[in-house]
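Working notes, structure below.
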There are 2 protein chains.
Amino acid sequence: MKGLGELERSIMDILWAQNTPLTAREVGRLIEDRDLAPTTVMTVLDRLSRKGFLTRTRDGRAWRYQPAASRDAYVAELMLEALDLTGDRNAALTRFARAVSGPEAEILRRALTELEEK
Amino acid sequence: MKGLGELERSIMDILWAQNTPLTAREVGRLIEDRDLAPTTVMTVLDRLSRKGFLTRTRDGRAWRYQPAASRDAYVAELMLEALDLTGDRNAALTRFARAVSGPEAEILRRALTELEEK
DNA sequence: GGGTAGTACTACGTCTTGTAGTGAGGTGTG
DNA sequence: CACACCTCACTACAAGACGTAGTACTACCC
């Protein structure tokens with residue numbers, strides 16, 4: 001899949017936080033901290049959609065962009081991808097399980113229990 | 001942490017597969033498929049140690065390189081890093097739990113149970 | 001019809017990565 | 001000892017990713 005750059009991630013964050021598709025202008029308005037040229041935002045949106053992270057639909061002359069997948073799906077996929085790098089998935093999973101903090105272990109446990117019940 | 005390039009990963013794989021520190025020459029000999037100049041291997045080893053993935057110790061004139069962390073630790077760290085990207089760790093963890101295959105879910109479950117018992 | 005918004009296309013500097021050359025400093029061997 | 005050779009440190013360079021932005025053109029609103 002490949003990771004995202006910093007600006008790219010900021011923009012994905014904005015779009016993930018929204019539940020409606022946004023235009024480049026709207027995204028630009030939501031990045032207050034940085035003072036970016038409108039075309040910069042457009043370029044990045046364009047790259048993100050070319051990479052498959054965003055889908056876009058026409059709205060008049062403008063494009064409206066929205067995430068192709070939820071942030072959670074993206075994160076889960078990154079995690080699975082990391083897992084694929086290992087030769088010994090079991091060892092990596094075990095180590096991962098030990099590394100998550102207590103409350104999170106609880107969440108994992110619960111999700112796995114639900115799985116089991118299905 | 002940042003990911004590795006393809007050659008970098010191949011070289012890490014070689015070193016992870018070995019249980020003794022290797023010199024650049026030895027690593028080069030173990031990459032048969034590619035026909036790399038010795039200096040190429042040295043450069044990559046150098047970069048990897050500067051990035052903290054390898055440690056090196058002198059052996060006469062040569063350096064011997066070995067992984068700074070096990071592959072499993074690396075993978076687990078990548079997974080945790082991915083997890084940090086999310087706003088909602090619970091949702092991401094839940095989704096991850098649902099995405100792992102059956103046998104792997106079992107391994108996770110077991111690791112978590114051990115945790116609980118400690 | 002001029003300002004504004006939006007698009008497509010192009011550009012450019014920086015960083016990373018793959019790949020390698022060069023030159024200097026030891027080392028062993030005949 | 002002289003020469004071949006290993007290894008290192010340093011430098012280089014092309015390609016691709018990313019941040020950043022300008023230009024030129026079109027369409028719309030007042």
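Naming convention: chains lettered A, B, ... in sequence-line order (proteins, then strands); numbering from 1 in each chain.
- Atom CD1 in B:Ile11 sits about 13 Å away from atom P in C:dT17, given to the nearest Å.
- In this structure, B:Arg47 has no salt bridge (charged side-chain N to carboxylate O under 4.0 Å, His left out) partners at least two apart in sequence or on a different chain.
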* How does each nucleotide of nucleotides 20-30 of chain C score, in 5' to 3' order, for protein heavy atoms under 4.0 Å: base (B), sugar-phosphate only (S), or none (-)? -> BBB----S---

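- Considering only heavy atoms from C-beta on, B:Arg29 comes within 4.5 Å of B:Glu26 through its side chain.
- Put simply, CZ on A:Arg50 is 13 Å from C1' on C:dT7, counting in whole angstrom units.
- With sequence neighbours excluded, the residues satisfying side-chain contact (heavy atoms from CB on, under 4.5 Å) with B:Asp59 are B:Arg64.
- For B:Tyr65, there are no ring-ring contact (aromatic ring centres under 6.0 Å, His included) partners, not counting sequence neighbours.
- Along DNA chain D, the nucleotide nearest to B:Asp46 and the one nearest to A:Leu4 differ in position, and the one closer to the 5' end is contacted by B:Asp46.
- When the nucleotides C:dG6, D:dA9, C:dA8 are ranked by their closest atom to the side chain of A:Arg56, C:dA8 comes out on top.
- Not a single salt bridge (charged side-chain N to carboxylate O under 4.0 Å, His left out) links B:Glu81 to another residue, sequence neighbours left out.
- For B:Asp72, the salt bridge (charged side-chain N to carboxylate O under 4.0 Å, His left out) criterion is met by no residue, not counting sequence neighbours.
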Please list, for nucleotides 14-17 of chain D, all pairs of protein and nucleotide N/O atoms separated by less than 3.5 Å.
none

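- Distances shorter than 4.0 Å separate none of the side-chain N or O atoms of A:Arg34 from OP1 or OP2 on D:dG19.
- Under the side-chain contact (heavy atoms from CB on, under 4.5 Å) criterion, B:Thr20 pairs with B:Gln18, B:Leu22, sequence neighbours left out.
- Of the residues in residues 19-27 of chain B, none has a non-hydrogen atom less than 4.0 angstrom from any atom of DNA chain C.
- Following rounding to the nearest Å, B:Trp63 (CH2) and D:dC6 (C1') show an atom-to-atom distance of 16 Å.
- For A:Asp35, the salt bridge (charged side-chain N to carboxylate O under 4.0 Å, His left out) criterion is met by no residue, not counting sequence neighbours.
- Residue contacts for B:Arg58: at a heavy-atom cut-off of 4.0 Å it reaches the sugar-phosphate backbone alone, with no base atom in range.
- For the pair B:Leu7 CG and C:dT16 P, the computed distance is 17 Å after rounding to whole Å.
- With rounding to whole Å, A:Arg64 atom CZ is found 15 Å from C:dT7 atom C1'.
- In this structure a side-chain-to-backbone donor-acceptor pair under 3.5 Å is present from A:Ser70 to A:Ala73.
- Considering only residues two or more places apart in sequence or on other chains, B:Arg34 meets the side-chain contact (heavy atoms from CB on, under 4.5 Å) condition with B:Glu6, B:Leu7, B:Ser10, B:Ile31, B:Leu36.
- Remark: B:Trp16 engages B:Met12, B:Asp13, B:Pro67, B:Arg71, B:Tyr74 in a side-chain contact (heavy atoms from CB on, under 4.5 Å) (not counting sequence neighbours).
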